Protein chains: 2
Amino acid sequence: MLSKASKYAISAVIYLTNNSTIDKKLGSKEIAEAIEIPAPFLAKTLQQLTKKGIISSIKGPHGGFYLSEKNTDKTLFDIIDCVDDIEKFNSCYLSQNNCNENNPCVAHHIYAPFKDKLIRKLKTKTIIEMAEEFKQNSNLNNQIFAVLT
Amino acid sequence: MLSKASKYAISAVIYLTNNSTIDKKLGSKEIAEAIEIPAPFLAKTLQQLTKKGIISSIKGPHGGFYLSEKNTDKTLFDIIDCVDDIEKFNSCYLSQNNCNENNPCVAHHIYAPFKDKLIRKLKTKTIIEMAEEFKQNSNLNNQIFAVLT
DNA sequence: TCATAAAAAGATATTTTTATCTTTATATAT
DNA sequence: ATATATAAAGATAAAAATATCTTTTTATGA
Ligand code: FES
Ligand code: FES
């Protein structure tokens, strides 16, 4: 449902959260290698995230991407909205171009409540929280990044 | 979420159900025009549906597409599975490549129940039923096919 | 100041999806 | 039988998404 760009973004931000500090910034190549995705494509995506203030970056030697104070409250919603446009979740699941109670598709009455819950969750789930869950999870399944396609 | 091909297919099958009979078959151009979608692309999609027995067709003069006895029990699920591959609904909503309880993504616990309900609904909703709903609906909103993008 | 490493920006290439065009096969009517 | 209308099949084109490559900018360290 998400574009690859969005998947890569989520994956990369989680990796960044768990593996970078202001004193240990990570290059896009480094991240791409770790999570096994195409490096130049990720570089583009990281640029988008930086531009919207979801992650931070510094150019030059010893530069790279990292998370700063400003980034700590960012959510999963922010990442997806930056890369993919969140409207995709608002629209009809079966792709009618209006999704509302007055003109429901066959799936509407089961999709609408799900959609509401999902968006609420995406908006409240911070990157930090998510990274933490991911860290725990990787105790059970340490090929965790390979799992993200 | 659905491909355009699938959307077109659903739309066309509904139109066919409500507007064709064995004595009044419809050409692909005719249908495409009525539901305002690209004719040659729809033709391809109708061929796929025919091959899988979801709709019927006859070549030659006065030929065209129509629904026969064999098609009456077909469901929305059948259409989508024919054109798009239903696996797309089974997979993780945030695109992890495994979707299961042991390795849930952030959305899993709200997505899984929705997914189950949806697939059940797609499997039980017959084309006939859907076309009927659509007919009623179009009393309220008679630009109903324009509504399908 | 100068060389260097890295992001940023821009340009190009590949793949997939969507759309169109052309040819062939077949059923119908004359 | 023959001409015709239509689906079926196959080939090609255009657009969008994904991926890669090249150049420019900027921060750092020597
Ligand atoms: S109209 Fe389809 S999900 Fe709302
Ligand atoms: S793991 Fe993502 S929806 Fe199940």
Side-chain angles (χ1 to χ4, degrees), chain A residues 1-12 16 20 22-33 35-68 80 82-85 88 95 148-149, chain B residues 1-13 16 20 22-33 35-68 71 80 82-85 88 95 148-149:
Chain A
M1 314 296 180
L2 294 181
S3 67
K4 288 195 183 183
S6 250
K7 285 187 281 177
Y8 295 166
I10 295 169
S11 197
L16 206 58
S20 80
I22 182 127
D23 298 317
K24 188 186 151 209
K25 306 183 189 73
L26 301 178
S28 57
K29 278 180 225 106
E30 199 174 346
I31 301 169
E33 206 162 296
I35 64 183
E36 294 179 311
I37 63 177
F41 191 71
L42 177 63
K44 284 292 181 194
T45 306
L46 293 176
Q47 281 171 27
Q48 283 183 69
L49 292 169
T50 305
K51 204 183 277 180
K52 287 266 182 70
I54 293 161
I55 60 176
S56 304
S57 75
I58 288 202
K59 289 182 183 182
H62 297 176
F65 298 93
Y66 64 102
L67 292 199
S68 74
I80 295 171
C82 173
V83 177
D84 249 18
D85 182 8
K88 129 192 247 169
S95 306
L148 288 165
T149 49
Chain B
M1 312 301 179
L2 293 182
S3 68
K4 288 195 182 183
S6 249
K7 284 187 281 178
Y8 295 165
I10 295 169
S11 197
V13 169
L16 206 58
S20 79
I22 182 128
D23 298 319
K24 189 186 152 213
K25 306 184 189 74
L26 301 177
S28 58
K29 277 181 224 102
E30 202 173 345
I31 300 169
E33 207 162 292
I35 65 182
E36 294 180 311
I37 63 177
F41 191 70
L42 177 63
K44 285 290 179 194
T45 306
L46 293 177
Q47 283 171 26
Q48 284 182 68
L49 292 169
T50 305
K51 203 182 280 181
K52 287 265 182 72
I54 293 161
I55 61 177
S56 303
S57 75
I58 288 202
K59 290 181 181 181
H62 298 177
F65 297 92
Y66 65 103
L67 291 199
S68 75
N71 313 126
I80 295 171
C82 173
V83 177
D84 249 18
D85 182 8
K88 132 192 245 170
S95 305
L148 288 166
T149 47

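Treat the numbers as computed from the prediction; the structure is a model and nothing was measured. Just the heavy atoms: all of them, side chains too, but no hydrogens, waters or symmetry mates, feed the values below. A, B, ... follow the sequence lines: proteins, then strands. Residue 1 opens every chain.
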Take the protein atom NE2 of A:His62 and the nucleotide atom C1' of D:dG29, then report the distance between them rounded to whole Å. 8 Å
Name the nucleic acid region contacted by A:Gly63, choosing base, sugar-phosphate or nothing; use a 4.0 angstrom heavy-atom cut-off, strictly under. sugar-phosphate
Do you know which two heavy atoms are closest between A:Leu67 and A:Ile54, and how far apart they sit? CD2-O, 4.2 Å
Taking for A:Pro61 and for A:Lys29 the nucleotide of DNA chain C with the nearest heavy atom, the one nearer the 5' end belongs to A:Pro61
B:Glu30 has an atom CD; how far is it from atom P of D:dT6, in whole Å? 8 Å
Flag side-chain contact, heavy atom, 4.5 Å: A:Ile31 against A:Ile37: no
Once side chain to side chain contact (heavy atoms under 4.5 Å, CB included) is applied, do any residues pair with B:Ala9, and if so which ones, sequence neighbours excluded? B:Thr45, B:Leu49, B:Ile79, B:Val83
Using atom CD of B:Gln48 as one end and atom C1' of D:dA7 as the other, report the distance to the nearest whole Å. 15 Å
Just how far, in rounded Å, is P of D:dT6 from CD1 of B:Ile31? 12 Å
To the nearest 0.5 Å, tell me how far A:Leu46 CG sits from A:Phe65 CZ. 4.5 Å
To check you understand the geometry: which heavy-atom pair defines the closest contact between A:Ala43 and A:Ser28, and what is its length? CB-OG, 3.8 Å
Can you tell me which residue pairs pass the side-chain hydrogen bond (donor to acceptor under 3.5 Å, both in side chains) test with a partner in residues 50-61 of chain B, sequence neighbours excluded? B:Ser56-B:Ser68, B:Ser56-B:Asn71
Contact list (N/O, under 3.5 angstrom) for nucleotides 8-13 of chain D vs protein:
from: D:dA8; atom 1: OP1; to: B:Ser57; atom 2: OG; distance (Å): 2.8
from: D:dA8; atom 1: N7; to: B:Gln47; atom 2: NE2; distance (Å): 3.3
from: D:dA9; atom 1: N7; to: B:Lys44; atom 2: NZ; distance (Å): 3.3
from: D:dG10; atom 1: N7; to: B:Lys44; atom 2: NZ; distance (Å): 2.6
from: D:dG10; atom 1: O6; to: B:Lys44; atom 2: NZ; distance (Å): 3.2

Under-3.5 Å N/O pairs linking protein and nucleotides 14-19 of chain D:
from: D:dT18; atom 1: OP1; to: A:Lys4; atom 2: N; distance (Å): 3.3
from: D:dA19; atom 1: OP2; to: A:Tyr8; atom 2: OH; distance (Å): 2.9

Nearest-angstrom distance from the residue atom OH of B:Tyr66 to P of D:dA7: 12 Å
Answer yes or no: is there a donor N or O on one side and an acceptor on the other, between the side chain of A:Ser20 and the main chain of A:Leu16, under 3.5 Å? yes
Residues two or more places apart in sequence or in another chain: which of them pass ring-ring contact (aromatic ring centres under 6.0 Å, His included) with B:Phe41? B:Tyr8
Under 4.0 angstrom, heavy atoms only, what part of the nucleic acid is B:Leu42 near: base, sugar-phosphate, or nothing? nothing
Atom CD of B:Glu36 to atom C1' of C:dA19: distance rounded to whole Å? 17 Å
Under the 3.5 angstrom rule, does the side chain of A:Asp84 hit a backbone N or O of A:Ser3 as a donor-acceptor pair? yes
